[in-house]
Amino acid sequence: MSEFKQLVFSGVQPTGNLHLGNYLGALQKFVALQDTYECIYCVVDMHSLTATLVHDDLVEQTRGIAAAYLACGLDPKKNIIFNQARVPQHAELAWIFNCVARIGWMNRMTQFKDKAGKDRENASLGLLAYPSLMAADILLYRATHVPVGEDQKQHLELTRDIAQKFNNDFSEKIANLGYGVEMMVGEEQVNGFFPLTEPLIEGPAPRVMSLRDGSKKMSKSDPSDLSRINLLDDADTIARKIKKAKTDPAPLPGDVEGLAGRPEADNLVGIYAALAGVSRENVIEEFGGRQFSEFKPALADLAVEKLAPIGEEMRRLKADPAYIDSVLRDGGERASVKAEATMKQVHEIVGLLAN
Ligand code: AQP
């Protein structure tokens with residue numbers, strides 16, 4: 001039985017400064033996976049157009065995300081690192097997926113509801129179809145695993161729905177052409193062209209919350225800069241933001257269960273655990289019963305130790321755009337070879353006369 005080759009794909013959109021949530025939810029995992037998987041990491045610049053159409057500095061932002069990838073420790077030789085716009089097959093496959101996916105599926109996406117707000121009729125078609133382009137990003141490489149933060153879980157489920165519907169709708173063509181691959185779906189063995197991709201969300205901080213409000217996700221678009229730690233913040237700023245982070249008056253609990261109903265404390269413990277590479281239980285073993293006045297300085301020291309060198313390296317790399325462009329160009333060429341091979345088969349399956 002042939003099986004899908006294990007392959008990791010993920011991306012980050014260039015829509016502002018990267019923060020600790022992006023780092024713990026995505027970048028830190030990208031780095032850990034490069035030793036065990038073949039990995040493709042994309043700067044998804046075309047997705048940025050769904051947030052704002054006209055950007056002053058999209059090129060700079062795109063280079064900035066690539067700089068963050070490299071500064072965190074991704075090896076551009078071992079992995080494919082590129083920006084989406086260099087490989088037009090992303091948009092082409094997204095069009096086919098627009099015809100596979102249903103409007104109802106897109107309307108149910110919480111990210112669309114949040115970002116479109118009350119005036120949905122006035123949201124761009126691109127914002128509605130965002131998950132279709134994301135599915136294309138992943139499935140163009142027939143990726144089996146996608147490291148993401150918890151906020152992207154629903155989009156990953158939709159990616160599976162799109163893959164499954166494509167596999168079902170074209171099952172005869174896929175079988176006749178001999179392009180099917182066997183895979184297990186639950187207990188059942190099925191044959192399909194696209195894998196049902198697994199999200200990799202686990203870890204002690206799958207959803208990093210705002211430092212000012214433990215009920216809100218840490219986000220680039222939060223108007224308060226104190227709500228997040230940016231990867232480009234210097235050591236003093238990181239320490240100041242942690243000192244000012246909202247907490248409750250009680251000391252840290254004696255066990256992890258005691259964090260329930262204490263979102264700010266829960267968030268800071270999760271951040272510590274993820275940065276230190278330990279479990280939340282380990283953090284509570286060390287700091288249980290201690291006041292925030294003791295825990296926060298320890299967290300600040302750890303955050304500075306882990307993040308300040310990344311920020312410094314990002315600044316150094318950003319000063320050398322020619323090098324970043326050469327990495328993205330090389331990655332784009334390697335990604336294109338894989339993208340073209342997939343699309344050649346997709347054209348045949350769908351019946352598009354393009355080969
Ligand atoms: N708070 C978070 N906790 C954990 N993971 C997070 N991610 C984002 N925020 C958190 C993960 O970062 C990766 C890149 O996400 P993106 O490019 O889609 O950026 P985003 O989700 O648009 O980032 P923001 O800050 O949330 O932007 P706005 O403010 O525009 O909504 C993904 O893997 C994501 O899960």
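Whatever order the structure lists them in is the order used to number ligands and atoms, beginning at 1. We count residues from 1, following the sequence as given.
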Glu150 side-chain N/O to Ile201 backbone N/O, donor-acceptor pair under 3.5 Å: no
- request: Look at the aromatic rings of Phe9 and His90 and report parallel, tilted or perpendicular, splitting at 30° and 60°.
  value: tilted
Those protein residues which place at least one heavy atom below 4.0 Å from ligand 1: Val12, Gln13, His19, Gly21, Asn22, Gly25, Ala26, Lys115, Tyr130, Val148, Gly149, Asp151, Gln152, Pro206, Arg207, Val208, Lys217, Met218, Ser219, Lys220, Ser221
query: Do the ring planes of Phe166 and Phe97 sit parallel (below 30°), tilted (30 to 60°) or perpendicular (above 60°)?
result: perpendicular
field: side-chain hydrogen bond (donor to acceptor under 3.5 Å, both in side chains) partner of Asn230, the single match among Asp225, Asn22, Asn17
entry: Asp225
- prompt: Sub-3.5 Å donor-acceptor pair from the side chain of Glu38 to the main-chain atoms of Ile80, do we have one?
  reply: no
- prompt: Taking Arg160 for the side chain and Thr197 for the main chain, is one N or O donor matched with an acceptor at less than 3.5 Å?
  reply: yes
